[in-house]
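Every value quoted in this text rests on a predicted model; they were computed, and no experiment measured them.
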Amino acid sequence: MTDILNRIGAIRVTPIRFFGFWAILFALVFSLTSCSDDLDVQQSYPFTVEVMPYADKIANGETIELRFEIKPEGNYSNTMYTIRYFQYEGNGSLKMVDGPVLVNNDRVLLESMTFRLNYTAKSSDSHKFLVVIEDNFDSTPWEQAFEFNNNDSDDNGGTGSLVVTPINPGTVTPIGK
């Protein structure tokens, strides 16, 4: 042991060795402290929903099909989307094609990024409802109001236009009629 200490003591310290020692020590400390075991994995991506064109008038007992496609800005395999709706005017039912009838303001899991809904009017009034699509990461939900006029009335001077009002236009890209 004393032989090792004598050898270390006999080493002549030159400026090159002095700065070389500190450069190696700095590089070692820097390399050990700059690494992080945490991976930055983004799970939540903003998304938009495209709605295909649809009819703007509906009669009692008539069904209109609404086609949707969710378009996220990124891809994370564990993202799940849910849908819910709130009907605030008229009387009707909203049903997923090949799926359940949606209950007002209850969430239903979407099994695909593209899906279709059938709205069936159960009154001769005008119909208004809000569709909300959310992901499982509590990002900004997509919302869109749908309004259908009675097939027998002509409120717009014969034009029969549909009013689609996006609630949060920063995340909505509906395909208009």
query: What is the ring orientation for Phe47 with Tyr81, classed by angle as parallel under 30°, tilted 30 to 60°, or perpendicular over 60°?
result: perpendicular

- prompt: Is there a path from Phe21 to Ile24 through hydrophobic residues (I, L, V, M, F, W, Y) whose side chains come within less than 4.5 Å of each other?
  reply: no

statement: Given the options Val51, Ile83, Val49, Leu66, Val131 meets side chain to side chain contact (heavy atoms under 4.5 Å, CB included) only with Ile83

message: Taking the side chain as everything from C-beta on, heavy atoms only, tell me whether Tyr54 gets closer than 4.5 Å to Tyr119.
response: no

- request: Nearest 0.5 Å please: distance from the CZ atom of Phe115 over to the CD atom of Glu69.
  value: 10.0 Å

query: With a 4.5 Å limit on heavy-atom distance, are the side chains of Glu143 and Leu130 in contact?
result: yes

message: For Val132 versus Pro141, what's the shortest heavy-atom pair and its separation?
response: CG1-CB, 4.0 Å

- prompt: Relative to each other, are the rings of Phe129 and Tyr85 parallel, tilted or perpendicular (30° and 60° limits)?
  reply: perpendicular

message: Would you say OH of Tyr88 has more than 12 non-hydrogen atoms from neighbouring residues, nucleotides or ligands within 6.0 angstrom?
response: yes

- prompt: Side chain of Asp125, backbone of Glu89: donor and acceptor closer than 3.5 Å?
  reply: no

For the student: nearest non-hydrogen atoms of Val101 and Ser93, plus distance: CG1-CB, 4.4 Å

- request: Determine whether Trp142 and Met113 fall in the same hydrophobic cluster, where Ile, Leu, Val, Met, Phe, Trp and Tyr are linked whenever their side-chain heavy atoms lie under 4.5 Å apart.
  value: yes

task: Tell me, with the steps shown, if Gln144 and Phe68 meet side chain to side chain contact (heavy atoms under 4.5 Å, CB included).
output: CA-CA 12 Å; Gln144 184 170 324; Phe68 297 83; over 6 Å; no

- request: Can you measure from CZ (Arg67) to CG (Asn118) and round to the nearest 0.5 angstrom?
  value: 10.0 Å

- prompt: Any idea which heavy atoms bring Leu109 and Met80 closest together, and the distance?
  reply: CD1-CB, 3.9 Å

- request: List the atom of His127, the atom of Gly90, and the distance in Å for their closest heavy-atom pair.
  value: ND1-CA, 3.9 Å

query: Is there side-chain contact between Leu102 and Leu117, with heavy atoms separated by less than 4.5 Å?
result: yes

- prompt: Just how far is it from atom CG of Asp106 to atom OG1 of Thr82, taken to the nearest 0.5 Å?
  reply: 11.0 Å

- request: Give a yes or no on whether Leu25 atom CG has more than 12 heavy-atom contacts from other residues, nucleotides or ligands under 6.0 Å away.
  value: yes

message: Tell me if a side-chain donor or acceptor on Asp135 pairs with a main-chain N or O of Thr79 at a distance below 3.5 Å.
response: no

Side-chain ion pair, Glu134 and Arg84, N-O less than 4.0 Å: yes

- line: dist Thr120:OG1 -> Asn91:CG (nearest 0.5 Å) comes out at 11.0 Å

message: For a 4.5 angstrom cut-off between non-hydrogen side-chain atoms, does Met96 reach Leu110?
response: yes

field: More than 12 heavy atoms from other groups under 6.0 Å of CD on Glu62
entry: yes

message: A side-chain contact here means heavy atoms from C-beta on lying under 4.5 Å apart; do Asn104 and Phe86 qualify?
response: yes

